[in-house]
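Scroll down for the structure; my scribbles are underneath it.
Note that these values count all heavy atoms, side chains included, but never hydrogens, waters or copies made by symmetry.
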Amino acid sequence: MTDPHDQAPLPDAEQYHLVIRFHGPDGPAVTGTWTSGTTALEKYRRWIGTHGSTPGVTITLEAETAGVRTTVKQWTVEHPQH
């Protein structure tokens, strides 16, 4: 696992999706979509800072190309993956 402030670039994609889900996989979620990987990564890091220590929260950053989404980074208190 790497540092949440890792500067590695995201893969090229048409869109980037950020999802923060509360209270497990069926809980409420907030989502955002950007065409800029830089913006999506900044939001991902910000959401880790504001919500990353909350039990039950999952923060996921996905890259989408040709309608296919791939998880690029994911954070939970229990299992952070950057």
- Query: How far does OG1 of Thr31 sit from CD1 of Ile20, to the nearest 0.5 angstrom?
  - Reply: 11.5 Å

- Item | Any side-chain heavy-atom pair of Trp75 and Tyr44 under 4.5 Å | yes

- Task: Nearest 0.5 Å please: distance from the CD atom of Glu64 over to the OG1 atom of Thr70.
- Result: 9.5 Å

- Task: State, to 0.1 Å, how close Leu10 and Lys73 come at their nearest heavy-atom pair, and which atoms those are.
- Result: CD2-CE, 4.1 Å

- Can you name the closest pair of heavy atoms from Tyr16 and Ser36 and give their distance? CD1-C, 3.7 Å

- What's the shortest heavy-atom distance between Pro55 and Glu78, and which atoms? CA-OE2, 4.3 Å

- Message: If I take atom CZ from residue Arg45 and atom CG from residue Leu61, how far apart are they, to the nearest 0.5 angstrom?
- Response: 10.0 Å

- Taking all non-hydrogen atoms of both residues into account, name the closest pair between Thr65 and Ala13 and its distance. OG1-CA, 3.4 Å

- Note on the structure: Separation between CD (Glu62) and OG1 (Thr71), nearest 0.5 Å, reads 4.5 Å

- Message: Give me the atom names and distance for the closest heavy-atom approach of His23 to Pro28.
- Response: CD2-CD, 4.4 Å

- Item | Same apolar cluster: Val19 and Phe22, side chain cutoff 4.5 Å | no

- Task: Using the side chain to side chain donor-acceptor pair (under 3.5 Å) rule, collect all pairs that involve residues 49-60, keeping only residues at least two apart or in two chains.
- Result: Thr60-Gln74

- Item | Min side-chain heavy-atom separation Val57-Val77 under 4.5 Å | no

- Query: So which heavy atom on Ala40 is nearest to which on Leu18, and how close?
  - Reply: O-CD2, 4.1 Å

